[in-house]
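Take a look at the structure below.
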Amino acid sequence: MAPRDRGGFGLWSLQAGPALPVLGAGLLLVAALILLALRPDPARLVGALAAALLGLAMWQRERQLSASARVRAGMGRLGDGALETRIAPVSREATPLETAFDAMADQVAARFGSLSEHAEAVHEILSTLDTGQIVRTALQRLPQAWPCSSAQLIVRRRGQREAERHLRVCSEGAIQTCRMDADALRSLRRMFRGVTDALVVPPGDPRIELLRHPRQDARAGLVAFPLFFKRDLLGVICLAPWTTSGASASLPTSLRQLADHVAVALSNARMLDEIQFFAYYDELTGLPNRVLCTERISQALGRARRSGGMVAVLLIDLDSFKRVNDSLGEDVGDDLIRAVSQRLAECVRAEDTLSRPGTATEPDLARIGGDEFAAVIENLSDGHNAASVCKRIFKGFEQPFQSDGREVFLSVSLGVAVFPHDGDDADALLRNAYTAMCHVKQEGRNDFHFYREFMNDEAEERLTIENRLRKAIELRELRLEYQPLVDAETRTIRGVEVLSRWTDAELGEISPVQFIPIAEETGLIVPLGRWILESALGQVRAWSEQGLPGISISVNVSSRQFRDRDFVQTVRELIEQYGVEPGRVTLEITESLLMRRTDEAIGILQQLRDLGLKLSIDDFGTGYSSLSYLKHLPVNHLKIDRSFVHGLGARKEDEAIVSAIVALGHILGLGVIAEGVEVPEQFEYLLAQGCDVIQGFLFSRPLAPEALAERLRGGPYDPPG
């Protein structure tokens, strides 16, 4: 310390720290008091006091500057992440600035800790696609976001009509689970319709009974957060007790954010569930699809190999279901498919009598195609016991299905393949069951067959015919024959029906009974039908050029052709191309075809009539037609099916039906044609009833163009003897 003269008394300059100015000011004050006592001098006293006050001010300034420096340093440490930083000393009094900094640091640490816990919770929730893990994590974290005695999470998984309630009572920690039935789930969806934020439900509110878990306190209120994804309610979070009387605006932001993250996580899990669901299950019925069915057959075969049991695979196909879709619409068709799946599930349930003692298992049912189902039955004591399941299915289909306020009767065709006799793997069993089912279809439907090896031979033959028919149509290797339509009164030829014939270079003569159904099923009938019409029109023009009398032709039209959007335009172009009078062309449409989408069919028929063509209903009496529609059909002729003509002279029922058809046709102003007339008794009966035109072997078999031309040059047919 160095003394310096300051107006008659010494003032020490202390450099040792912030406490020295205080010490100096104190010494000056003591010195001033001593001087005042020895020699009173007001001027000196004022000077001494001023010096003391100046020292105190310097001390206070130095103290504040020191605190500011410490705060700045503390802020730097906080910025670097040292959240434990505090600057208020323990051994001396803190400045207000230091106290404020420490309080702020406490708040930052608490807030950061809360954010850190929230971020950790969000990470745990969003980092998994497992719904169960999401539920467990959410129920652990929710009480941290808002103090509560219990947290509940209601979750609805994709494709399920029920929901699961998961509850965690915070004092216990274990998670309790129970079911919410379909009715309660529907009520829950109605409750949250239009609700986007939390719903506060006070005690005594009727809604609380639907929201609370059975183990939650019924006397406490709760708050519910709906969890939405694309307007679909995925679940609900419920926290109890809830005593806040205000609306959801008073809820902590972190709680709402956590609920939103749970909704995102559940939506991600839902998308994964959808991917897995679509990979293995049928969306419409919820049944396993072909992929999962194949896996389950393989698993069943593995068990059968170990136990020595038998496994039956049933392939179930709905008969003529496309007609239902065409006539009633796809929405009704979907409803029927769902109803069929439920009824089949009831029919294929296991019975102890089918299985070996003590080995009965529930059969697997799957939808493997649009109208195809498969059932897998394990542990059969005898492969032929699967026939019992087939019979139960037929029994189940005796009752009609209800759809859109109407009754719909359906039938099924079944094929059965049994391991180990009919195949050693899933693909072979499914293939052979399908082959057996196709055999049922060929024989008339609504039955079942067990697979036999000869069926594969038939299937291979069918495939061979299909491939060769495709080439024959492309190369125009088929030919046409013409069967006369004879006037019943004059016995003269009024026209001919065009019939296709096919002689293959390798297979020989193939009957239309074989190749026409194959053409129908494969769609080859469309190009085949165009070729038939084109070739027939070309032949009519050739006969006219030969000077033969004008001849009319009747051409059969399949349902596939009739539904083709270009059919009417194709007919128009071909008639114009060959210059044939439209009135000399009759198109024969089956009765069953007209009963599908009748209004649409009438529209197409009217377009054909507007072209000048004539129209005939073929196979009349076999298609369950409605007389109310018949009077609106723009047709010219009814053609009696040969099945009724065959019984004339032998069965009174057939005679009554034929008489009624002839009378009905004449009342409606239509011509009546009878096909399949083979014996004189049939002809005489038809003639007596007033039938207009006769077709059949009694007068002529189908003729080649040259033979028909020669016949046209002759006179009327002789009366049959």
Side-chain angles (χ1 to χ4, degrees), residues 480-501 509 511-513 516 536 543 548-556 584 586 588 590-591 614 616-623 625 635-721:
L480 296 182
E481 291 184 350
Y482 304 86
Q483 186 169 31
L485 302 174
V486 179
D487 187 290
E489 292 288 344
T490 65
R491 276 68 163 189
T492 58
I493 297 177
R494 290 179 51 174
V496 293
E497 180 179 0
V498 180
L499 303 170
S500 58
R501 298 290 184 262
E509 187 73 19
S511 168
V513 176
I516 291 296
W543 283 329
L548 294 173
I551 188 75
S552 297
I553 59 170
S554 293
V555 181
N556 289 283
R584 295 170 61 186
T586 298
E588 295 189 5
T590 62
E591 185 180 8
K614 294 181 179 179
S616 175
I617 300 181
D618 196 11
D619 302 333
F620 188 78
T622 62
S625 64
V635 298
N636 304 92
H637 303 96
L638 300 180
K639 197 168 188 179
I640 305 173
D641 186 68
R642 65 177 65 246
S643 62
F644 302 122
V645 173
H646 182 72
L648 295 180
R651 289 194 296 268
K652 296 296 183 183
E653 297 85 353
D654 289 338
E655 292 177 355
I657 292 173
V658 169
S659 298
I661 293 175
V662 174
L664 175 64
H666 289 165
I667 291 172
L668 296 175
L670 306 176
V672 180
I673 304 169
E675 64 177 349
V677 181
E678 298 181 355
V679 297
E681 291 79 11
Q682 296 168 350
F683 170 71
E684 294 298 336
Y685 185 87
L686 291 166
L687 182 62
Q689 299 304 315
C691 185
D692 301 295
V693 178
I694 305 298
Q695 177 184 355
F697 290 173
L698 179 64
F699 288 100
S700 176
R701 291 180 175 274
L703 302 173
E706 299 78 9
L708 181 64
E710 183 178 347
R711 185 67 193 81
L712 288 173
R713 295 186 182 96
Y717 281 94
D718 294 330

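Only this structure's heavy atoms are used, side chains among them; waters, hydrogens and symmetry mates stay out. All residue numbers refer to positions in the sequence shown, counting from 1.
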Testing the basics here: between [X] and [Y], what is the closest heavy-atom pair and its distance to 0.1 Å?
X	Y	answer
S500	L480	CA-CD2, 4.0 Å
G649	E655	N-OE2, 2.9 Å
Q682	E678	OE1-N, 2.8 Å
F620	L664	CZ-CD2, 4.2 Å
L703	P484	CD1-CG, 4.5 Å
V645	G676	CG1-O, 3.8 Å

For a 4.5 angstrom cut-off between non-hydrogen side-chain atoms, does [X] reach [Y]?
X	Y	value
Y717	I493	yes
F697	Q483	yes
I640	V662	yes

| query | Should W543 and L708 be marked as a side-chain contact (heavy atoms from CB on, under 4.5 Å) after you check the CA-CA gap, both sets of side-chain angles, and the distance that decides it? | reply | CA-CA 10 Å; W543 283 329; L708 181 64; 3.3 Å; yes
What's the separation between atom [atom1] in [X] and atom [atom2] in [Y], rounded to the nearest 0.5 Å?
X	Y	atom1	atom2	value
L670	L638	CG	CG	5.0 Å
L648	I657	CG	CD1	10.0 Å
N636	L668	CG	CG	12.5 Å

| field | Backbone N/O of I553 and side chain of R584: donor-acceptor pair under 3.5 Å | value | no
| message | If the condition is side-chain hydrogen bond (donor to acceptor under 3.5 Å, both in side chains), which residues does E497 pass it with, not counting sequence neighbours? | response | N556, K639, Q695
| task | Please list all pairs passing the side chain to side chain donor-acceptor pair (under 3.5 Å) test where one or both residues lie in residues 665-675, with sequence neighbours left out. | result | H666-D692
| task | Sequence neighbours left out, what passes salt bridge (charged side-chain N to carboxylate O under 4.0 Å, His left out) with R651? Give chain and number order. | result | D654
Tell me every residue that passes side-chain contact (heavy atoms from CB on, under 4.5 Å) with [X], counting only those two or more places apart in sequence or in another chain.
X	answer
E681	V679
R501	R479, E481, L499, E509, P512, P702
S659	Y685, Q689
V693	L485, R494, I673

| task | Can you sort out the partners of F644 under ring-ring contact (aromatic ring centres under 6.0 Å, His included), two or more places apart, ordered by chain and number? | result | none
